[in-house]
Every structure is written in structure tokens, then in C-alpha cells.
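Every value quoted in this text rests on a predicted model; they were computed, and no experiment measured them.
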Amino acid sequence: MTHLWVRAEQRENEERVGLTPMGAAELVKSGMRVTFEESSVRAIGIDGYKDAGCEIATENSWPDAPSDAIIFGLKELPEDGTPLTHKHIMFGHAFKGQPTGRILLDRFKAGGGALYDLEYLVDEAGKRVAAFGYWAGYAGAAVTLRCWIAQQHGSIAGPVGVFQSSEALLADLQNELSTTKSTVPTALIIGALGRVGSGAADLLTALDIEVTKWDMAETASGGPFPEVLAHDLFLNCILARPGTPVFVPASATTDPRSLKVIGDIACDPDSDFSPIKVYDRTTTWDVPALRVHDTPPLDVTAIDNLPSMLPVESSQDYAAQLLPSLLSLTDLNNGVWGRAAQTFKEHI
């Protein structure tokens, strides 16, 4: 019997979950054994999972799970160097040259386990079967705008937090915008036709902010792209891959520009292929803005778990997308899981 073990998230500011009680009930009904760890932070309570027929385990007890259990979480594991003996489903951030990714792969190699990376669960055409992209874009645009608002007050953005709904987030931003006397900013989104870009555009449009939408056609020339510097806000919504052109060169800090805030929603600064060359590290919930130039100011925001600002909506959306693939976990050698396993083998 396939045994799926859903672990509690151990990363700070992470309340999301990749399986809802309704989805868990479907897995149990299909004959799967499902164990859910208790969690002190998960946005969706444990009672629904109990009612769905899941077994309940102690928070963070997954290292002691049966050897055949498939451990399912979203964000990274504690970086304690221990060998990883189980099969894990999560966002590993390990296949694009990231230094921490190499360490993670070495832990799998030492323990004999395997990584089924959620970013690399793809269908026959290579399209991802599930993504948090829309909510990453939505929340990322919100943080980018908050950075700009702080600049209008001669400051830098303070900590961000969780919102119970997208409506609450919008209301908060509308209130903050009303405190400025500046004209609303202009924004350029690259990757506007994708899920991430759609979320960013929807947030900004709802606030009556003028948005220039670019996608592959507009960046096919390979650059340079002076239009980026001509907007107040730039939002990068594409994943860095080999051949990705540079959108913001290192010289942008001192070049003539209207650009005030870069929202790197794709958030991959330590990748060799990052298209934004003015910064080298992610930002955090406590310190969401990194000032890379003072006069005139240029801030970068690059938070790598943005959907967690809207944990309920983003979890429900993602879980619905992923459920058909979880129902096929009984066959790890074929389909979406077989392709993910091959990707892991190529990188291990």
C-alpha cells in the first residue's frame, strides 16, 4: 500500500500545505495510507484531516517514518546534514546550480533516498502540473508596491505578514496608497502571460496602476532593455534558465532611470542564469527590501515563499492542481513521477 506522509513545515513564515482535507479524503478512498503530522503553524487545521481518515503523527516526526513512506512537504528541510533515506516530494531548489542544492543532493546520495521535486513535476509536453505561481505573483506585486510606498515616505519597507484573504491584502494596500501624495507608479512585468505574471498584473490592475505586459515576444531580441529602467516598478516573473537574457544589468544602479523597485518574484539570485545583476541574495519577511543604491533609491525585493502571505487561498489552489498527480503515486516509475525521478537521477 502506498503510504504518503505529509510533514509539518519547519521553515519560518510557512503556513501552506499541499493537500487539503478534501483531497486527503480522496486519497484515502483510493486505498492510499495517509499520515498527517500535527503542525503549530499550518493554515488549515488538523481536524479536517482526522475526519478524512488520515493517521495523525507528532509534528516533525518524519525522520522516524516507516522506510517505505513518501514524505511530502513544500519548502526545504532543516539543513542539519543528515543523510536522507526516504523518498521526498518538495521544492528542492537543487537542479540549477544552487550551492545549497548540491548539499541537499549529497544528503540524498548519502542516505539512498530520492527527491521528486515539485518544480519538475511535468506532463508529457513539459508543462508543470501544479504551481503556486499566481499567488506568488499576486503577493510579490503587493510587496513590490509596499517598497515603493515606503520610498515615498523617505523610508524602506518594513516587515510583511500573513493576510487572511486577497481582499484583505488589497484593502491594506489601498489604505497605504492613500497616505502618499505621489502619482501612482508605472509597472513593467516580464512573463506577463504566465501564471506568476497574471497574478502580479491582477493585483496592480485592481489598484488602477498602469501595467506594461511583456512576454517572450518582447524579450526575443536578447536585450538590452532600456524600457525596464523607464518604469517605476519592474517585476520579473520568469524562471531563470540557460539563455535567459539579462533584464537588469549591474550598471542599472547608476544609469539614468525612473526605476525605483525591482520585484524579483522568480527569486533565484544565486542561479548562474539570474536575469537581474544588481543583487545576490534573497530578502526576508522581516527585511523585505534590499537597497542596492541610495540616490536615487533602488530597492530589490526577492522573497522566496511569497504565496505564504495568503496561505489558505494559495494552498487550496495548489492542492487542487496537484491532487490528480498524488492519486497516481501508486506508480512512481511512469508518468509525472517517472519523469521527476529521471530528473533527479540526472542531477544526483
Side-chain angles (χ1 to χ4, degrees), residues 91 93 96 118-120 122 126-128 130-148 160 166 169-170 173 185-207 209-223 225 227-249 252 259-271 273-279 282-283 288-290 298-310 313-314 317-318 321:
F91 288 104
H93 303 294
K96 290 189 286 188
L118 288 164
E119 186 178 337
Y120 293 83
V122 297
K127 182 179 179 181
R128 288 177 64 178
F132 279 102
Y134 180 88
W135 297 106
Y138 199 94
V143 178
T144 302
L145 185 57
R146 288 189 76 245
C147 292
W148 179 86
V160 299
S166 53
L169 174 57
L170 270 179
L173 285 170
T186 60
L188 172 65
I189 298 173
I190 293 183
L193 298 183
R195 285 180 279 206
V196 179
S198 296
D202 284 353
L203 182 284
L204 295 174
T205 300
L207 295 168
I209 291 173
E210 179 185 346
V211 179
T212 300
K213 299 178 182 180
W214 277 18
D215 211 86
M216 293 179 66
E218 290 80 5
T219 59
S221 68
F225 302 109
E227 296 89 345
V228 172
L229 301 186
H231 289 75
D232 300 305
L233 312 177
F234 168 55
L235 297 96
N236 175 47
C237 297
I238 68 162
L239 288 173
R241 299 184 184 280
T244 298
V246 173
F247 301 143
V248 183
L259 185 65
K260 299 294 192 299
V261 184
I262 299 167
D264 190 8
I265 300 175
C267 193
D268 218 357
D270 58 356
S271 168
F273 316 119
S274 173
I276 298 173
K277 302 303 183 183
V278 296
Y279 85 115
T282 59
T283 61
L290 172 68
L298 180 60
D299 292 336
V300 179
T301 182
I303 297 173
D304 65 0
N305 64 333
L306 285 162
S308 294
M309 290 177 61
L310 296 164
E313 284 167 285
S314 63
D317 183 21
Y318 184 79
Q321 297 174 55

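Of all non-hydrogen atoms in Phe273 and Ala240, the two that sit nearest each other are O-CB, 3.4 Å. The heavy-atom pair separating Leu259 from Leu233 by the smallest distance is CD1-C, 3.9 Å. The shortest non-hydrogen separation linking Leu310 to Trp135 is CD1-CE3, 3.7 Å. Ala139 and Met309 make their closest contact through CB-SD, 4.0 Å (heavy atoms, listed as atom of the first residue, atom of the second, distance). Considering every non-hydrogen atom in both His231 and Thr186, the closest pair reads CA-OG1, 3.5 Å. Ala136 and Ile265 make their closest contact through O-CG2, 3.5 Å (heavy atoms, listed as atom of the first residue, atom of the second, distance).
Around the NZ atom of Lys277, the shell of radius 6.0 Å holds more than 12 heavy atoms that belong to other residues, nucleotides or ligands.
With sequence neighbours excluded, the residues forming a salt bridge (charged side-chain N to carboxylate O under 4.0 Å, His left out) with Glu119 are Lys96, listed by chain and number. With sequence neighbours excluded, the residues forming a salt bridge (charged side-chain N to carboxylate O under 4.0 Å, His left out) with Arg146 are Glu176, listed by chain and number.
By the 4.5 Å heavy-atom criterion applied to side chains, Ser166 and Glu313 are counted as neighbours. With a 4.5 Å cut-off on side-chain heavy atoms, Pro269 and Thr282 count as touching. Contact of the Tyr279 side chain with the Ile262 side chain is not registered, since no non-hydrogen atoms from C-beta on lie closer than 4.5 Å. The closest side-chain heavy-atom distance from Lys127 to Val122 is not below 4.5 Å. The shortest distance between side-chain heavy atoms of Tyr318 and Pro307 does not fall below 4.5 Å.
A donor-acceptor pair is defined here as one N or O able to donate and one able to accept, closer than 3.5 Å; such a pair exists between the side chain of Thr301 and the backbone of Pro288. Thr283 contributes a side-chain N or O that, together with a main-chain N or O of Ala302, makes up a donor-acceptor pair within less than 3.5 Å. In this structure a side-chain-to-backbone donor-acceptor pair under 3.5 Å is present from Thr244 to Arg241. Between the side chain of Asp215 and the main chain of Ala192, a donor-acceptor pair closer than 3.5 Å is present. No donor-acceptor pair closer than 3.5 Å links the side chain of Asp299 to the backbone N or O of Ala289.
Interatomic distance, Thr144 OG1 to Leu235 CG, rounded to the nearest 0.5 Å: 4.5 Å. Separation of atoms SG (Cys267) and NE2 (His93) is listed at 8.5 Å; rounding is to 0.5 Å. Rounding to the nearest 0.5 angstrom, the gap separating the CE atom in Met216 from the CD1 atom in Ile190 is 12.5 Å. Expressed to the nearest 0.5 Å, how far SG of Cys237 lies from CG of Asp264 amounts to 9.0 Å. Atoms NZ and OG1, on Lys213 and Thr205 in that order, are 5.0 Å from each other to the nearest 0.5 Å. Taking CG of Asp317 as the start and CZ of Arg195 as the end, the distance is 9.0 Å to the nearest 0.5 Å.
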- Task: Take Phe132 and Phe91 through the test side chain to side chain contact (heavy atoms under 4.5 Å, CB included) and record every step on the way to the result.
- Result: CA-CA 11 Å; Phe132 279 102; Phe91 288 104; 4.0 Å; yes
- Report the C-alpha distance between Thr219 and Phe247 in whole Å, list the side-chain angles of each, state the deciding distance to 0.1 Å, and finish with yes or no for side chain to side chain contact (heavy atoms under 4.5 Å, CB included). CA-CA 9 Å; Thr219 59; Phe247 301 143; 3.9 Å; yes
- Between Glu218 and Glu227, is a side chain to side chain contact (heavy atoms under 4.5 Å, CB included) present by the stated rule, with each step listed? CA-CA 11 Å; Glu218 290 80 5; Glu227 296 89 345; over 6 Å; no
- Kindly determine whether Asn236 and Val248 satisfy side chain to side chain contact (heavy atoms under 4.5 Å, CB included), including the steps that lead there. CA-CA 10 Å; Asn236 175 47; Val248 183; over 6 Å; no
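Trp148 and Asp232 share no donor-acceptor pair across their side chains, judged by distance under 3.5 Å alone.
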